[in-house]
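These numbers come from a predicted model, not from an experiment.
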Amino acid sequence: MHNIKDLRKDLIKFKKKLSDRNFDLSIDLFKSLDEDNRKLITKKEKLEQEKKSLSRSADKSNFEKSKLISQDIIKVSREQLKAQEKLNNLLYILPNLALDDVPIGKDDKSNRLVEQFGTVKKFSFKPKSHTEIGSIKNNIDFTTSVKLSGSRFVTLKSTVALLERALINFMLDLHTLEFNYTEISPPLIVNEEVMFGTGQLPKFEEDQFEIKFDNSDQRKYLIPTAEVVLTNLVRESLINREDLPKRFVASTPCFRKEAGSYGKDTKGMIRQHQFYKVELVSIVEPKNCIIELNRMLNCAKKVLEKLEIPFQVVLLSSGDMGFSAEKTFDIEVWMPSENRYREISSCSSCGSFQARRMGAKYKSQNGKEYVGTLNGSGLAIGRLIIALLENNQNEDGSITIPEALKKYMNNLDKI
């Protein structure tokens, strides 16, 4: 969320920077909503001052005047709350501003290739897709999942289920032991304040799975990513500067309706309603956000380097970044069956955008300031399974297990 004082200072700049994020800010609308709210705040404050002055007087005739003023204060307060809500409805959907070194563009066509790792394997046979590999022994079972839950779900069995668990444990060990992230096992259901804090609500409500509880006046949701809970670990808190940075990692199921992707990636495991992901979150001083972003990116890259899977890193354009991000790198992994790279991780700096929504501050040299937050996939499990199966397949149908993963796969060389 943006500081409204910053908006007031330079609306022209904000309009331009928000247009880079594909958001058209109406200056007239903002001014109108802001002025209405401020007028009502001023009116209420004057009435309160008038009532306070009357209360100091010993004149009994002022009692009725004070009573009438109290009624006016209640009326104006109600009007002001409605005006504030209208203003908030605009403020809450304004995306974060892109940093100056982010490429300007409407979509992924303006993304910038940063680096590539590994050599794309040339097969002596036509490589199978992960769905074809999984169908050989029915270890990737979509048919049963449709009976159980509907489309965009999958049931993994036998060695593929073992592979999923192995990849999770491998990554958790890597991020905790080598990169000093603190492992967290968080709740999978959160309230709407938590979803608001990281930017899922109110703008992306249609993508969320809401849980209905009896006798509850609070809305609750299945997490779309562990970023939501890990980042909110510091909500409404004041952190000592010496306790920063804080780095968290968690492996959780993630739940998304994928409301804007009907007809897109409907086959296979690429785009599911439920999937596992290992998530990285950092809480830092805002001045260290970019240093931390590069560190987080390297942590995520290390997973693919150790598994010897080809990938590339892309700097996202202003129009392709997530709502809360100020700068994002995507890691895209090579998928032989599609002959293309596919996103497997997004690592983003959000500056103080989320912290302002969460009320997360730290004790700085200048007093109390909002922290900086970062998040990244380290990595998405389903897509990593796809990449590993497809890149390590052999002509006889077996899959070679990378050396770094063998101890997590009961020392199997192949599956």
Side-chain angles (χ1 to χ4, degrees), residues 1-51 69 71-107 192-193 195-206 235-236 286 289 317-327 348-361 366-373:
M1 194 165 73
H2 298 292
N3 186 339
I4 194 168
K5 292 179 181 178
D6 293 337
L7 278 159
R8 290 169 185 155
K9 282 179 188 175
D10 201 342
L11 273 170
I12 301 298
K13 172 195 168 186
F14 266 86
K15 183 174 177 65
K16 168 63 175 68
K17 295 286 282 184
L18 287 168
S19 70
D20 293 341
R21 299 298 318 273
N22 296 330
F23 188 97
D24 184 16
L25 174 65
S26 169
I27 290 178
D28 290 340
L29 175 62
F30 172 80
K31 283 184 175 180
S32 174
L33 294 174
D34 190 33
E35 286 171 8
D36 287 348
N37 188 48
R38 294 172 85 177
K39 283 177 183 177
L40 287 166
I41 290 172
T42 301
K43 187 176 180 180
K44 184 176 73 168
E45 288 174 347
K46 285 181 178 178
L47 287 168
E48 287 170 342
Q49 283 294 327
E50 189 176 346
K51 183 182 176 183
I69 291 173
Q71 291 173 356
D72 288 341
I73 290 173
I74 292 171
K75 182 181 176 182
V76 173
S77 294
R78 287 172 180 166
E79 291 176 4
Q80 190 269 318
L81 285 174
K82 290 179 182 177
Q84 183 71 60
E85 185 178 4
K86 288 179 181 178
L87 177 59
N88 287 344
N89 286 340
L90 174 60
L91 294 175
Y92 291 166
I93 62 172
L94 300 181
N96 202 354
L97 304 185
L99 295 181
D100 291 341
D101 61 343
V102 169
I104 304 302
K106 291 185 177 181
D107 50 36
E192 60 183 319
E193 288 80 13
M195 293 284 277
F196 172 80
T198 42
Q200 277 70 32
L201 295 181
K203 190 172 177 64
F204 303 102
E205 184 172 351
E206 66 174 4
R235 70 176 283 105
E236 297 176 353
C289 276
S317 75
S318 58
D320 199 32
M321 293 193 301
F323 174 77
S324 296
E326 63 180 8
K327 184 175 183 177
S348 300
S349 169
C350 300
S352 295
F353 185 84
Q354 292 177 324
R356 195 176 296 280
R357 297 170 78 98
M358 296 186 302
K361 295 183 177 182
N366 302 317
K368 298 175 184 178
E369 296 184 42
Y370 290 105
V371 299
T373 65

*asked:* One pair to check against side-chain contact (heavy atoms from CB on, under 4.5 Å): Asn37 and Gln80. What are the steps and the verdict?
replied: CA-CA 6 Å; Asn37 188 48; Gln80 190 269 318; 2.9 Å; yes
_Under the criterion side-chain contact (heavy atoms from CB on, under 4.5 Å), I'd like the reasoning laid out for Phe353 against Leu94: C-alpha separation, chi angles, the key distance, then a yes or no._
CA-CA 10 Å; Phe353 185 84; Leu94 300 181; 5.9 Å; no
*Could you walk me through whether Arg21 and Asn96 pass the side-chain contact (heavy atoms from CB on, under 4.5 Å) test, one step at a time?*
CA-CA 8 Å; Arg21 299 298 318 273; Asn96 202 354; 4.2 Å; yes
*Dump the intermediate steps for side-chain contact (heavy atoms from CB on, under 4.5 Å) on Lys203 and Tyr92, then the final yes or no.*
CA-CA 8 Å; Lys203 190 172 177 64; Tyr92 291 166; over 6 Å; no
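Looking at every heavy atom in both residues, Ser317 comes nearest to Val102 through C-CG1, 3.9 Å. Of all heavy-atom pairs spanning Gln354 and Thr198, the tightest one is NE2-O, 3.1 Å. Contact record, Ala98 with Met321: CB-CE, 3.7 Å, taken as the closest heavy-atom pair. Between His2 and Pro95, the closest heavy-atom pair is NE2-O, 2.7 Å. Closest approach of Pro202 to Ile93, counting heavy atoms only: CG-CG2, 4.3 Å.
Residue pairs meeting the salt bridge (charged side-chain N to carboxylate O under 4.0 Å, His left out) criterion with at least one member in residues 81-92, sequence neighbours excluded, do not occur. Judged as a salt bridge (charged side-chain N to carboxylate O under 4.0 Å, His left out), the pairs with a partner in residues 87-101 (not counting sequence neighbours) are, in order, Lys17-Asp100, Asp101-Lys327. Each side-chain hydrogen bond (donor to acceptor under 3.5 Å, both in side chains) pair with one or both residues in residues 22-31, not counting sequence neighbours, appears once here: Lys15-Asp24.
The closest donor-acceptor contact from the side chain of Ser324 to the backbone of Cys350 lies at 3.5 Å or more, if one exists at all.
Annotation: side-chain contact (heavy atoms from CB on, under 4.5 Å) contacts of Lys5 (sequence neighbours excluded): Asn3, Arg8. Under the salt bridge (Lys or Arg N to Asp or Glu O under 4.0 Å) criterion, Arg38 pairs with Asp34, sequence neighbours left out. Residues passing the ring pair (Phe, Tyr, Trp, His ring centres under 6.0 Å) test with Tyr370: none are found, sequence neighbours excluded. Partners of Asp107 according to the side-chain contact (heavy atoms from CB on, under 4.5 Å) rule, which considers only residues two or more places apart in sequence or in another chain, are Lys109. Glu192 meets the side-chain contact (heavy atoms from CB on, under 4.5 Å) test with Leu201, Arg219, Tyr221; sequence neighbours excluded. Take Asp20 and apply the salt bridge (Lys or Arg N to Asp or Glu O under 4.0 Å) test, not counting sequence neighbours, and it matches Lys16. For Arg78, the salt bridge (Lys or Arg N to Asp or Glu O under 4.0 Å) test picks out no residue, with sequence neighbours left out. Listed by chain and residue number, Leu47, Ile69 satisfy the side-chain contact (heavy atoms from CB on, under 4.5 Å) test with Glu50 (two or more places apart in sequence, or in another chain). Phe23 meets the ring pair (Phe, Tyr, Trp, His ring centres under 6.0 Å) test with no other residue; sequence neighbours excluded.
Atoms NZ and OG, from Lys43 and Ser77 in turn, are 11.0 Å apart once rounded to the nearest 0.5 Å. For the atom pair Ile41 CD1 and Lys46 NZ, the distance stands at 13.5 Å (nearest 0.5 Å). Atom CG of Leu91 is separated from atom CE of Met1 by 7.0 Å, given to the nearest 0.5 angstrom. One distance of note links CZ of Arg356 with CD1 of Ile4; it measures 11.0 Å at 0.5 Å rounding. Atom-to-atom distance recorded for Leu40:CG and Leu81:CG is 10.0 Å, nearest 0.5 angstrom. Distance CE/Met195 to CD/Glu205: 9.0 Å, rounded to 0.5 Å.
If you check the side chains of Ser349 and Glu326, you find a donor sitting under 3.5 Å from an acceptor.
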